[in-house]
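Just follow the structure's listing: the first ligand is 1, and inside any ligand the first atom is 1. Since the structure is predicted, the reported quantities are computational estimates derived from the model, not experimental observations.
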Amino acid sequence: MHALSVKNLTKQYSNGLVALKGINLEVEKGDFFALLGQNGAGKSTTIGIICSLVNKSSGSVSVFGHDIDKELDAAKLCIGVVPQEMNFNPFEKISHIIINQAGYYGVPRKIAEQRTEYYFKKLGLWEKRNNAALRLSGGMKRRLMIARALVTKPRLLMLDEPTAGVDIELRHMLWEFLTELNAQGTTIILTTHYLEEAEHLCKNVAIIDNGEIIEHANMKSFINRLDTQTMILDLASPLRDIPENLKYPCRLIDEVTLEIKVSKHHSLNMLFDTLTKNNINITSLRNKTNRLEELFIDLIANNKIQSENES
Ligand code: ADP
């Protein structure tokens with residue numbers, strides 16, 4: 001049984017716009033799954049339907065074996081959702097927001113209080129427990145929504161852009177928190193614009209474009225498809241010209257920074273050997289862009305060309 005199984009999902013909004021054109025998705029139990037796509041691709045619509053916040057036009061969704069058309073309550077009990085928009089009462093005390101949410105789902109008050117304390121402490125909200133939500137910063141409001149989604153102990157957590165507009169320190173704290181949650185058994189589905197985040201956290205990935213899934217793969221094997229990586233090397237001493245026998249496509253960004261393309265068939269050791277033979281010493285190296293981003297941009301561009309050719 002899958003944590004999530006989505007078959008031939010379509011959505012046409014009342015204004016006639018076809019947002020989903022037959023989505024198929026399968027997410028294993030215990031997975032950390034990235035649903036990626038550009039703005040308007042259909043990610044939020046897909047998540048909205050899975051969480052029954054949006055009506056589908058056709059197709060089926062099953063959550064831990066519960067079909068949302070036949071066993072909606074059982075399916076909903078399995079899901080915790082963190083939507084993009086803040087959707088709580090800003091005047092309510094934040095601990096009440098969480099305890100009331102637990103109440104809707106039938107969690108006894110004592111247990112709800114214990115869980116609230118646990119998640120507030122984990123997410124750095126405990127000191128603010130008596131504040132009204134409107135007095136929280138943007139990052140805290142996002143963490144409040146995560147605590148609210150978790151208080152019912154869902155088996156599947158759906159996060160729609162959880163780190164949008166969140167500073168780096170907090171983003172890292174959330175990554176750690178989510179990794180721990182996943183290690184403890186919670187299946188997580190994440191949409192994000194930060195592809196570095198998806199590459200770092202997720203085991204599997206699907207890419208949605210224009211209402212269709214154009215890729216559904218294991219993250220590691222997907223990344224492995226990248227033929228060349230573009231690396232940036234910081235040089236220990238200035239270099240005026242690129243030596244002719246440096247047989248890699250490269251260019252000098254400035255005299256101490258070299259951009260170099262390395263095919264996956266060339267090990268970095270071979271690159272280092274060549275550099276050493278040419279008396280080029282490097283102090284550090286990094287990927288120019290995140291590898292998932294390189295693949296993502298290529299895929300979207302190819303899909304656009306294909307769609308244009310077909311029409
Ligand atoms: P994403 O989350 O990937 O940015 P969405 O699922 O929000 O994409 O949107 C997919 C498409 O559906 C977009 O073209 C968007 O404008 C449209 N859309 C989303 N919500 C509505 C709505 N309530 N009514 C009409 N069109 C909508």
Side-chain angles (χ1 to χ4, degrees), residues 4-27 31-63 68 75-76 79-88 138 141-142 145-146 149 156-166 171 174 178 187-199 201-202 204-217 219 222 290 292-293 295-308 310-311:
L4 175 70
S5 174
V6 170
K7 295 210 170 81
N8 283 323
L9 194 62
T10 69
K11 172 67 187 174
Q12 180 164 26
Y13 281 107
S14 49
N15 61 2
L17 188 129
V18 180
L20 303 182
K21 301 172 182 165
I23 297 279
N24 291 297
L25 272 182
E26 278 184 343
V27 178
D31 202 351
F32 203 141
F33 190 91
L35 182 61
L36 306 178
Q38 294 178 305
N39 275 339
K43 303 178 297 292
S44 297
T45 304
T46 306
I47 289 195
I49 293 172
I50 295 166
C51 302
S52 39
L53 303 168
V54 174
N55 290 326
K56 59 185 164 63
S57 300
S58 67
S60 70
V61 174
S62 155
V63 186
I68 61 166
K76 272 173 132 175
I79 301 179
V81 60
V82 181
Q84 266 184 49
E85 306 82 37
M86 314 283 168
N87 61 350
F88 42 73
K141 286 178 183 149
R142 191 136 331 252
M145 296 208 297
I146 296 176
L156 172 64
L157 180 67
M158 314 267 298
L159 298 151
D160 199 358
E161 300 273 348
T163 54
V166 161
R171 197 176 305 160
L174 282 176
L178 294 173
T187 307
I188 301 179
I189 299 179
L190 172 84
T191 79
T192 181
H193 273 108
Y194 300 104
L195 298 190
E196 183 205 349
E197 172 169 290
E199 183 182 345
L201 292 173
C202 297
N204 289 293
V205 57
I207 295 178
I208 181 168
D209 191 39
N210 211 3
E212 287 172 306
I213 298 286
I214 58 168
E215 188 60 64
H216 193 323
M219 182 69 82
F222 183 51
N290 159 271
L292 181 57
E293 198 161 323
L295 283 162
F296 179 83
I297 292 167
D298 278 358
L299 256 178
I300 301 281
N302 285 340
N303 195 46
K304 193 159 175 252
I305 294 168
Q306 216 172 324
S307 312
E308 280 166 3
E310 278 165 15
S311 64

I need the contact residues for ligand 1: any residue with a non-hydrogen atom closer than 4.0 Å to the ligand, ordered by chain then number. Tyr13, Asn15, Leu17, Ala19, Gln38, Asn39, Gly40, Ala41, Gly42, Lys43, Ser44, Thr45
Under 3.5 Å donor-acceptor, [X] side chain and [Y] backbone:
{"X": "His216", "Y": "Glu26", "result": "yes"}
{"X": "Lys11", "Y": "Asn55", "result": "yes"}
{"X": "Lys43", "Y": "Leu35", "result": "no"}

Identify which one of Gln84, Arg142, His193 satisfies the side-chain hydrogen bond (donor to acceptor under 3.5 Å, both in side chains) criterion when paired with Glu161. His193
All ring pair (Phe, Tyr, Trp, His ring centres under 6.0 Å) counterparts of Phe296, not counting sequence neighbours: none
Point-to-point distance, once rounded to the nearest 0.5 Å, from CG of Leu201 to CD1 of Ile188: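 Those atoms lie 8.0 Å apart.
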